[in-house]
Amino acid sequence: GLSAQAVKEIISHRLGLDIADGDGMLDFASIRSGATVVFAGPRRTSPSLKDNLPLLNRLLASAKLRFYGHPPEAALNPTFPPNALGQCWAFEAGKGPSPDDESGNAVGRYATLTINLSEPVEIKSVTMEHAPRDLTPTPETAIRDFRVIGYEESDAKGTPIPLGSFRYEIDGPRTLQEFEVESEEGDGLPPLKSVTLAIDSNWGADYSCLYRFRVHGDRSVPLPTSSVHSSCEE
C-alpha cells in the first residue's frame, strides 16, 4: 500500500487544489481529477477561438507572438492566482455542432462543451464562474443562458438526460454561481458518465470566455477507506 508520507502528500496536494477552487466541493469535471474533453461525435465540444483564426494569426499564436485565449481544458482547471484575467476558454458563436436530429438538440445554440467526468456521479449541482465585473474590461463575454445535459455513457452517447436550464447573472453578488440540477421526470438521477454544457447565449460580446465550469454530486461507488487507513498506520 501507500506509505504514510505518500498519503500526506496526496492530501496536501488535494487541499491545495480545493483552496484554489474556493468552493470546497469535489469537482467531477476537473481535468486534474481525471475528466476529459470530448472532441468527437455529434455532441462534441466547439472549437476554440484560436482554431478559427486565419493561418497567419494561428502561426503567430503558435509562436506565442499573439494571444487568442486558451483551449476548453482551461475551463476545467483552477484559476490561479484567483481572479487572474485571461485564464479562460475563448470561443465564438456558431462554430460547433448544430442542434439537429443527429445531436438530439443536446448541444448549444451558441457553443458546446462536452466532458467525460472523472468517474460516474449522481449529479446534484453545477457551478459556473467568470472574472469579477470590476476587474475585467469585457464582462459581456460571460455566458448568459445555458443548459446541462447528462448521459449514462461516456462521450455523450446514448439518450440525453436534461438536467435543467439556467442563467448566469453577470451582476450577481458572486462571480461563482451554483445551480441545482433536477430530472424532468422528477425521479432521482442515475449515475452519469458524461455531461454537455449547452451554451445558448452570452451577454453581448463578439466572443465568449468561460473561466470555470464544475460538476458536483455523489460518487456512485464510494471510495474504499481501508487501504488508506492501513497505509497511515504504517
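Values in this document were obtained by computation on a predicted structure and should not be read as measured data.
- Without hydrogens or angle criteria, Thr196 side chain to Ala198 main chain gives no donor-acceptor distance under 3.5 Å.
- The heavy-atom pair separating Gln177 from Gly172 by the smallest distance is NE2-CA, 4.2 Å.
- The OH atom of Tyr211 lies 10.5 Å from the OG1 atom of Thr175; values are rounded to the nearest 0.5 Å.
- Under the side chain to side chain donor-acceptor pair (under 3.5 Å) criterion, Asp155 pairs with Asn116, sequence neighbours left out.
- Counting all heavy atoms, side chain and backbone alike, Thr45 lies closest to Thr114 at OG1-N, 3.0 Å.
- For Glu169, the CD atom is densely surrounded, since the number of other residues' heavy atoms within 6.0 Å is greater than 12.
- Separation of atoms SG (Cys88) and CG (Asn77) is listed at 13.0 Å; rounding is to 0.5 Å.
- Between Phe213 atom CZ and Met128 atom CE the span is 6.0 Å, to the nearest 0.5 Å.
- Evaluation of the ring pair (Phe, Tyr, Trp, His ring centres under 6.0 Å) rule for Phe146 yields Phe166, Phe179 as partners, not counting sequence neighbours.
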Requested in this report: Kindly determine whether Ser48 and Trp89 satisfy side-chain hydrogen bond (donor to acceptor under 3.5 Å, both in side chains), including the steps that lead there.
Outcome: CA-CA 7 Å; Ser48 302; Trp89 174 39; 3.0 Å; yes
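- His70 approaches Gln87 most closely through the heavy-atom pair CD2-CA, 3.9 Å.
- With respect to the salt-bridge test (charged N to carboxylate O, under 4.0 angstrom), the residues Lys193 and Glu152 do not qualify.
- In this structure, Ile149 and Pro160 approach most closely via the heavy-atom pair CG2-CB, 3.6 Å.
- Note on Val181: it clusters hydrophobically with Ile115, by side-chain heavy-atom contacts below 4.5 Å among ILVMFWY residues.
- Between Thr159 and Tyr151, the shortest heavy-atom contact is O-CD2, 3.9 Å.
- For the side chain to side chain contact (heavy atoms under 4.5 Å, CB included) test, residues two or more places apart in sequence or in another chain that qualify with Glu178 are Met25, Ser125, Thr127.
- Phe39 meets the ring pair (Phe, Tyr, Trp, His ring centres under 6.0 Å) test with no other residue; sequence neighbours excluded.
- Counting only heavy atoms from C-beta outward, the side chains of Asp27 and Ser33 never approach each other to under 4.5 Å.
- With sequence neighbours left out, Asp171 forms a side chain to side chain donor-acceptor pair (under 3.5 Å) with Arg133.
- Shown here for Leu76 and Arg212, the closest heavy-atom pair between the two residues is C-NE, 3.7 Å.
- His216 places no side-chain N or O within 3.5 Å of a backbone atom of Phe28 that could act as its donor or acceptor partner.
- Between the side chain of Ser194 and the backbone N or O of Ala156 there is at least one donor-acceptor pair closer than 3.5 Å.
- Side-chain contact between Glu122 and Leu192 is absent, with no heavy-atom pair separated by less than 4.5 Å.
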Report task. Please lay out, stage by stage, how Glu129 and Arg214 fare under the test salt bridge (Lys or Arg N to Asp or Glu O under 4.0 Å). Result -> CA-CA 9 Å; Glu129 187 173 9; Arg214 302 172 176 86; 3.2 Å; yes
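- Under the 4.5 Å side-chain heavy-atom criterion for Ile, Leu, Val, Met, Phe, Trp and Tyr, Leu210 and Leu117 are members of the same hydrophobic cluster.
- Panel note: side chain Ser208, backbone Phe91; no donor-acceptor pair is recorded below 3.5 Å.
- For Asp206, the salt bridge (charged side-chain N to carboxylate O under 4.0 Å, His left out) test picks out no residue, with sequence neighbours left out.
- Atoms OG and CG, on Ser118 and Leu26 in that order, are 8.5 Å from each other to the nearest 0.5 Å.
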Query raised in the report: What do the steps show when you test Ile123 against Val215 for side-chain contact (heavy atoms from CB on, under 4.5 Å), and what is the final call?
Result: CA-CA 7 Å; Ile123 298 176; Val215 174; 3.8 Å; yes
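- In this structure, Asp145 contributes its side chain and Arg167 its backbone to no donor-acceptor pair below 3.5 Å.
- Under the 4.5 Å side-chain heavy-atom criterion for ILVMFWY residues, a single connected hydrophobic cluster contains both Ile161 and Val195.
- Counting heavy atoms from C-beta on, the side chains of Ile199 and Leu197 come closer than 4.5 Å.
- The backbone N or O of Arg32 lies less than 3.5 Å from a partner atom in the side chain of Ser30, making a donor-acceptor pair.
- Just one residue in the list Asn202, Ile143, Asp200 forms a side chain to side chain contact (heavy atoms under 4.5 Å, CB included) with Tyr110, and that residue is Asn202.
- Residues Pro162 and Arg147 fail the side-chain proximity criterion, which asks for heavy atoms closer than 4.5 Å.
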